[in-house]
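See structure below.
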Amino acid sequence: MTQQPRIPGSPGNTGDSGPQMEEPTTPAGPLPPAPDQSGPATVSPTGQETGTPQEKMAQGGEFLTTAHGARLKDSDHSLRAGPRGPALLQDHHFREKISHFDHERIPERVVHARGAGAHGVFRGYGTASRISRAGVFAQDKETEVFVRFSTVVGSRGSTDLARDTRGFATKFYTDEGTWDLVGNNIPVFFIQDAIKFPDVVHAVKPHPDREIPQAQSAHDTFWDFVSLHTEAQHHTMWNMADRGIPRSYRMMEGFGIHTFRLIAEDGSTVLVKFHWKPKLGVHSVTWEEAQLISGADPDFHRRDLADAIEAGAFPEWELGVQVFEDTEDQMFAGIDLLDPTKIVPEELVPVEPVGLMTLTKNTSNYFAETEQVAFNPNNLVPGIDVTNDPLLQGRLFSYLDTQITRLGGPNWNQLPINRPHADVNDMLRDGMHQTAVHAGVAPYRPNSLDGGNPFETPDGDRPFIDHPAPVAASVKERALPATFDDHFSQARLFFHSLSEVEKEHTAQAYTFELGKCYEQAVRERQLRALANIDPALCQAVADGLGMPAPKPSLDVPEVTPSPALSQVGRTWPLDGRQVGILVGPKVSTGEVAAAVAAVDRAGMVPLVVAPSGGEAATRLLGKDLMAQRTYLTARSIEFDAVLVASDTPPAPDAANGLDSKVGVPAGAGTVDPRVELLLGEVWRQAKAIGAFGAGEEVLRAAGYLDGAGVVSGSGGDDAVQQLLTLMPAHRVWERFPTTGRLAA
Ligand code: HDD
């Protein structure tokens with residue numbers, strides 16, 4: 001595990017300007033992409049690998065040119081009738097430059113507009129080969145993938161840490177065509193029928209009059225919708241729980257949500273639900289952290305993903321399936337497998353691992369890859385098929401349709417990031433942005449003029465087969481089966497599977513969100529829904545809102561909790577976690593070096609935090625250690641644990657501390673106020689805290705030394721070893737206050 005990535009030549013991230021870089025004077029070609037940033041595979045629509053590495057970068061040569069390749073002498077001055085005269089229409093370079101700029105933006109996605117992507121590889125375990133003929137599952141078969149994680153509600157420039165569902169969309173570039181698994185980090189959806197999708201999206205998006213609030217569900221229209229369409233209660237419960245504010249994309253589960261049908265070599269079928277299990281476990285931030293992050297580092301998840309990949313801490317997920325018999329009624333233990341608002345608890349049907357995905361490469365161009373990638377649940381390969389889930393059926397129309405507006409025409413499959421890595425011979429022709437130069441004269445079949453090409457695939461050559469699933473004789477009607485009617489018992493099951501701390505967080509989230517609603521009728525209606533899910537939860541939220549708790553209008557059923565749904569109680573690997581090491585005037589550099597080495601050995605990232613940066617930090621730490629942060633630039637949100645390695649200056653250095661003296665009475669306290677703020681936040685965020693040497697005095701003076709999850713060591717290495725006993729549980733859970741009202 002290496003340290004935080006740094007721009008070559010920079011002194012670290014302390015905010016200092018560092019050595020001056022010389023301005024290049026000799027013409028040179030464009031820089032190649034960074035080692036982890038080679039472009040996406042470019043395979044032509046006829047399957048040919050196209051382009052030299054330079055062509056793939058779409059830029060070549062050492063000189064600035066126009067778009068048609070004429071070399072340019074001056075790009076800083078427009079052509080004018082004399083230095084004080086008007087601009088001339090004939091200035092082709094000006095017009096081309098400005099006009100292209102005017103058209104640089106494409107419509108952002110109507111949902112999932114904000115995202116981050118990465119390339120990787122999926123390796124099949126061979127365990128699914130008995131149930132699916134899809135080659136991607138074959139033992140040790142490696143398939144390139146591109147994954148895009150996203151929030152749902154916010155615009156492209158919104159914060160990563162909104163309370164929201166996260167998209168988890170994976171494109172498998174298989175030899176047999178592209179397979180897109182377009183899922184979320186929550187295993188259920190708001191609605192049961194795709195026809196309501198525009199309604200739920202209109203409800204959760206900002207209010208149409210003033211376009212407020214951005215990237216939030218804490219407003220009247222959202223709660224109006226979910227309290228009227230009670231099928232949304234289960235998904236909403238997951239959003240209000242800690243799952244709505246993940247610690248990292250690397251620490252989220254993913255779910256295909258719908259039930260899919262897998263078809264084996266012999267034609268037999270099973271029904272499956274797909275699960276992505278992160279190797280690092282499922283973790284969340286606290287609500288306070290989420291709010292701090294949204295101000296201090298709105299790119300938190302995006303940065304975390306890119307930094308981890310660049311540092312070589314490649315994120316991994318195991319793909320697994322819950323397998324069900326493909327029975328006529330498509331039910332399991334009373335759960336309708338076609339209802340996307342229901343899960344099947346893992347304790348009833350275990351998730352069987354079928355392969356491993358590793359993300360190994362950052363994008364080299366955000367627009368070309370992450371923005372232009374187009375996912376489509378229609379992208380299926382032989383051996384994987386859809387079911388009649390009414391939500392999935394509607395998605396099969398929407399995604400294909402949406403790309404035509406978003407990417408400007410029907411040829412979006414030809415964009416490098418969307419090109420299949422299998423041969424394509426599709427008879428689709430022309431249209432906006434056609435980049436293929438198709439040969440032949442007969443794009444129809446059968447034909448005699450192009451030698452009969454393309455031919456239909458015979459059975460032995462692995463065509464896609466629409467499984468001849470029987471269709472029950474019925475009448476045309478706008479209706480869902482009665483088995484979709486129970487909207488509350490699984491929300492209750494989820495709530496009762498949480499630990500007491502997680503339940504408290506969930507109650508607080510409901511209270512916060514409903515507290516942001518202005519309409520009393522909306523709050524009352526949502527409380528009535530909560531009463532049918534769990535009267536104690538309803539009471540806690542009603543108390544928070546200062547409203548009476550309604551009685552349940554339905555029988556509240558007994559449920560058997562599913563421990564797999566809680567994030568508390570297990571331990572997880574620490575790869576890529578960040579440990580802040582605070583140093584001050586009386587620092588022992590040898591012990592700090594030992595702490596840095598111990599954090600590094602544990603696969604984590606040490607970040608040394610010094611009173612100030614530049615030469616002052618070098619004077620303090622010597623040449624072999626580097627300060628990545630100062631007291632001023634450090635913030636609790638980027639640390640998973642903090643180690644206080646020495647004393648801190650008793651009073652802030654005015655030049656560096658800016659307004660940190662405000663509110664601190666003269667002579668008060670012996671701890672630098674910025675360090676006090678940091679420790680206070682880290683404490684409330686229930687993260688492990690450690691100290692050694694004079695650092696213990698800092699913790700004592702700040703009042704934390706004897707607290708839960710606070711350790712001290714005899715030296716740098718020992719203190720890190722102590723931290724390592726706490727960190728695998730992710731948080732010091734006992735630090736969160738509980739009221740006892742939700743304990744049952
Ligand atoms: Fe969707 C994007 C996931 C229901 C219509 N959806 C989109 C993305 C994800 C999902 C992860 C972003 C893909 C990317 O990164 O580019 N959507 C889901 C899941 C659903 C779901 C897990 C339910 C199980 N979606 C859904 C329905 C409809 C849509 C019912 C319409 C009837 N979704 C879209 C869309 C988007 C989209 C409007 C926006 C941009 C895009 O497709 O490419 O077509």
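Since we're looking at a predicted model, the values are computed, not measured. Remember, it's 1-based here, ligands and their atoms both numbered in the order they're listed. We count residues from 1, following the sequence as given.
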Can you report which non-hydrogen protein atom sits closest to [atom], along with the distance?
atom	answer
atom 15 (O) of ligand 1	R148 NH1, 2.7 Å
atom 30 (C) of ligand 1	L391 CD1, 3.5 Å
atom 31 (C) of ligand 1	F197 CD2, 3.2 Å
atom 35 (C) of ligand 1	S398 OG, 4.1 Å

Of the choices [options], which has the non-hydrogen atom that lies closest to [atom]?
atom	options	value
atom 10 (C) of ligand 1	Q393, H112, R166	H112
atom 6 (N) of ligand 1	F375, F190, F397, Y399	Y399
atom 19 (C) of ligand 1	R395, K171, R114, Q192	R395

Presence of salt bridge, E289 and R247, under 4.0 angstrom |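 Salt bridge absent between R247 and E289.
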
With the threshold set at 4.0 Å, does a side-chain nitrogen-carboxylate oxygen contact exist between D160 and R302?
->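 Salt bridge flag = no for R302 with D160.
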
Quick check, are the ring centers of F274 and W179 under 6.0 angstrom apart?
->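 Yes, the ring of F274 comes within the 6.0 Å limit of the ring of W179, centre to centre.
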
Check whether the ring centres of W317 and F149 lie less than 6.0 Å apart, and answer yes or no.
->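 For W317 and F149, the ring centres are under 6.0 Å apart.
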
Sub-4.0 Å heavy-atom approach of Q403 to ligand 1 =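 Judged by the 4.0 Å heavy-atom criterion, Q403 does count as contacting ligand 1.
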
Can you find a non-hydrogen atom of G183 under 4.0 Å from ligand 1?
->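 G183: in contact with ligand 1 (<4.0 Å).
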
Does a donor on one side chain sit under 3.5 Å from an acceptor on the other, for T435 and Q414?
->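 Short answer, yes.
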
Do D336 and T483 have side-chain atoms, one donor and one acceptor, less than 3.5 Å apart?
->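 Yes, T483 and D336 have a side-chain donor paired with an acceptor closer than 3.5 Å.
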
I257 contact mode with ligand 1 (heavy-atom cut-off under 4.0 Å) |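 For I257, only side-chain atoms sit under 4.0 Å from ligand 1.
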
May I ask you to identify, for V111, whether its side chain, its backbone, both or neither come under 4.0 Å of ligand 1 on a heavy-atom basis?
->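 It is both backbone and side chain that touch ligand 1.
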
Just distances here: any N/O of N184 and N/O of ligand 1 closer than 3.5 Å?
->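 No, there is no polar N/O contact under 3.5 Å.
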
Going by distance only, is there an N or O of H258 that falls short of 3.5 Å from an N or O of ligand 1?
->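 In this structure, H258 places no N or O atom under 3.5 Å from an N or O of ligand 1.
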
Which word best sums up how the rings of H235 and F189 line up, parallel for under 30°, tilted for 30 to 60°, or perpendicular for over 60°?
->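 Ring orientation of H235 relative to F189: tilted.
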
Whether W572 and H283 hold their rings parallel, tilted or perpendicular, with breakpoints at 30° and 60° |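 The arrangement is perpendicular - the two ring planes meet at more than 60°.
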
